[in-house]
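Throughout, a chain's letter reflects where its sequence line sits, starting with A, and its residues are numbered from 1. Side chains included, hydrogens not; waters and symmetry mates left out as well; all remaining heavy atoms used.
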Amino acid sequence: MRATGAHIVTYRDDPADAEVISHKLMARAGYIYKVSAGLYAYSPMMWRSIKKVQNIIREELDDAGALEVQLPILQSSELWKKSGRWDAYQASGTMFSTSDRKDATYGLAPTAEEVVTDYAGSSVNSYKQLPLNLYQIHTKFRDEIRPRFGLLRVKEFLMKDAYSFDVSEEALDVSYEKMRSAYYRIFERMGLRALGVDADPGDIGGSGSMEFMLAAETGEDDILVEPGTGYAANTEKAESVLAASPSAGEDARALRIEDTPNIRTVAELQGFFPEIEASRMVKTVLVKAVHAEEEVLWAVLIRGDQEINEVKLRNHTGGLAIQMLTAAEIEENTGAKQGFAGPVGLSDAFSVVADLSVEGMVNLLCGCNETDKHALDVLPGRDFAVPTYADVRLARAGEPGPREGKPLELYRGIEVGHIFKLGTKYAAPMGATFIGDNGKPQPFVMGCYGIGVSRVAASAVEQFADDKGIVWPVPIAPFEVVVTCLNVKKAPLTETAEKVYEALKAAGIDVLLDDRKMGPGAKLKDAELLGFPYAIVVGRSWEKEGQLEARERASGEGWAGGLDEIVQSIIHKVEAGRAGLEPEGR
RNA sequence: CGGGGUGUGGCGCAGUCCGGUAGCGCACCUGCUUUGGGAGCAGGAAGUCGUAGGUUCAAAUCCUGCCACCCCGACCA
């Protein structure tokens, strides 16, 4: 393609509302245009990249035996009520909803489990039709609380979503594993190194899930990695090994209640009782778990030097969301002011869960639901009922990892893919069944698998950009090579540029000929900003020495040579670059 | 939703405190010159100053309501 016909529009300034590098550069390069908050138009150049991302995904999924479909994104609330997800998504406010002229309610798809399960339920009758894996690449909608970071977090985006249908858990394991390895290949083929991490399934639900992360400082997820062991997990889910409380194994002393005027936090208590470490204290955090129909009060006990993981806690309570109690609610339900709650003398209004870090603690210090007092030398089981123990603790960097006890390292990442084992979570309530080999109807055992297509493109920019602009990996670049003619008024130059352009086109290279009437500086800057992996410059050195110059965007490396020589070297480099990254074991 | 901030040609901004009828840079159009790192000169087009109301002889500027957008927290591919 010729640049004069490619609708290239670039800007000198970053948009005022851009924070992260991918947003700034994609806007400056004219790849994206903000229509309103969280809604972007993709330019022709952007769309070329996105189509390449899509095609890599298609090829790998087709290879893995999945079938592409296209499902409606306007979906009846009736269907969502059958799976039970309507309430959850209304509660969290993530789904856009609307109604038709007859007042029937619809949602705009944030994912498509209901629709695809409905389809499979009606079109699959026998176990002989399984396994089945259906996928689509389509628009998804989420009413994000705060859209930001350009294409990284938006209200409307392109997602690849796949759904597997199997006869059993064992068969699901096979389908899941196929997708997992396909995911590594997909990202490697794009030239991106994705990290698979254990994750929380969130609103989608199900038994197992794994996220695929691209490392980036601006990522919104924290990942803990135990180096050399293959253990990596989102902090929402991550586990670590915790040393026992120093009090473990001590003889129990008698309970005492002491005055602690206006001493509320662990830090303040440490100041007040300098001889008692935080690891001998138990904090009691009061929350409510919000369910569709009710709210349940919970008291959460955790060792004083530890913090609660809200996601783990939410999963334990089975609620849709966790909210901290307000000062007024605390007083009303415990009879004491904020800062003095504890398991000792706690009202029956609360369900109690204690983190594993509390198990085995003796002579601990905690609140006793009396303002300006704390209990010391408390013994669980004697001074309060032995609670249910569960892991609700936030693992932190530096703590020993769960596999071999090596210190956990913290990384930030952008979530670009997420795979889930759903089991029968959707098929069972929706009555989506097939006839098994025993002649009886049974629900599908499902998995679902997402990739944020538009987010992948933005993440790639985020990961590779430099101070000059975007640096596309070859497999997803809008053009693999730009041929820059520095002076379009000189016939020898334009003729040479044409020749190079035709030669590369004939070799099957995606090449852009920059034939615009602009100054040489502006063209070179544009090529760098737009991020084409390779550039061939036709200018002075051709006029004077019959030499073309080639440049590699990523390394900044340049080389010169005769026309054929340069064309051949570029073809080789591009063809090598198309393969993406070397597979890394899995 | 809570806290903070901003709305002025397509983009980036000044002008607002102290009221007097709108300006700069980039981009755009025409012509000439220029061509190895975002060219020069000359000419031109483009804004009811987010919006509604109020104060005033006079409002981008002061007052009130509303809207949009952005930043910090909770959501996710």
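- The number of heavy-atom neighbours closer than 6.0 Å to CZ of A/F96, taken from other residues, nucleotides and ligands shown, is above 12.
- Within the nucleic acid shown, A/D161 has no heavy atom closer than 4.0 Å to any nucleic acid atom.
- The side chain of A/A37 lies closest to B/C70, out of B/G36, B/C76, B/C70.
- Residue A/G539 is in base contact, counting any heavy-atom pair closer than 4.0 Å across all strands shown.
- When both pairing distances are held under 3.5 Å, B/U6 makes a Watson-Crick or G-U pair with B/A68.
- The partner of B/G73, taking Watson-Crick or G-U wobble pairs whose two distances both stay under 3.5 Å, is B/C1.
- In this structure, A/V154 reaches the bases: a heavy-atom distance under 4.0 Å links it to at least one base atom across the strands shown.
- In this structure, A/R142 fails the cation-pi test against A/F157, since its NZ or CZ atom is not both closer than 6.0 Å to the six-membered ring centre and inside 45 degrees of the ring normal.
- For the pair A/F212 and A/K523, nearest-nucleotide mapping onto RNA chain B gives the more 5' position to A/K523.
- For A/K34 and B/C70, the shortest distance from a side-chain N or O to OP1 or OP2 is below 4.0 Å.
- Partner assigned to B/A39 is B/U33, using Watson-Crick or G-U wobble distances below 3.5 angstrom.
- Going from the C1' atom of B/G12 to that of B/G38 covers 15 Å, rounded to whole Å.
- OP1 or OP2 of B/G36 sits under 4.0 Å from a side-chain N or O of A/R540.
- Across all strands shown, B/G47 forms no Watson-Crick or G-U wobble pair with both key distances under 3.5 Å.
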Q.
Run the side-chain hydrogen bond (donor to acceptor under 3.5 Å, both in side chains) test on A/D161 and A/Y163 for me, step by step, so that the C-alpha distance in whole Å, both residues' side-chain angles and the decisive distance to 0.1 Å come before the verdict.
A. CA-CA 7 Å; A/D161 45 326; A/Y163 306 88; 2.5 Å; yes

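- The side chain of A/R551 sits closest to B/G37 out of B/C69, B/C76, B/G37.
- Between A/R12 and the phosphate of B/G37, there is no side-chain N or O to OP1/OP2 separation shorter than 4.0 Å.
- One can place OH of A/Y89 at 13 Å from P of B/C75, the figure rounded to the nearest angstrom.
- Going from atom CD of A/Q323 over to atom P of B/C75 covers 12 Å, rounded to whole Å.
- Side-chain atoms of A/E549 and base atoms of B/G36 include a donor and an acceptor less than 3.5 Å apart.
- By the 5.5 angstrom centroid cut-off and the 30-degree plane limit, A/Y11 is classified as not stacked against the base of B/A27.
- Across all strands shown, the partner of B/C13 is B/G23, judged by Watson-Crick or G-U wobble contacts whose two distances both fall under 3.5 Å.
- Per the geometry, NZ belonging to A/K155 stands 11 Å off C1' belonging to B/C69, to the nearest Å.
- Heavy-atom distances to RNA chain B give each of A/G38 and A/E220 a nearest nucleotide, and the one nearer the 5′ end belongs to A/G38.
- Evaluation of atom-type donor-acceptor distances gives a pair under 3.5 Å for the side chain of A/K489 against the base of B/U34.
- Below the 3.5 angstrom threshold, one finds a donor paired with an acceptor across the side chain of A/D526 and the base of B/G38.
- When heavy atoms are screened at a 4.0 angstrom cut-off, A/S541 is found touching base atoms of the nucleic acid.
- Here the CZ-CG distance, from A/R540 to A/L493, works out to 11.0 Å after rounding to the nearest 0.5 Å.
- A side-chain contact (heavy atoms from CB on, under 4.5 Å) with A/Q323 holds for exactly one of A/E310, A/E329, A/K288; it is A/K288.
- Taking every side-chain heavy atom of A/H418 into account, B/A77 is the closest of B/G38, B/G37, B/A77.
- OP1 or OP2 of B/C72 lies within a sub-4.0 Å distance of a side-chain N or O belonging to A/R148.
- By the 6.0 Å and 45° rule, A/K421 stacks over the aromatic ring of A/Y176.
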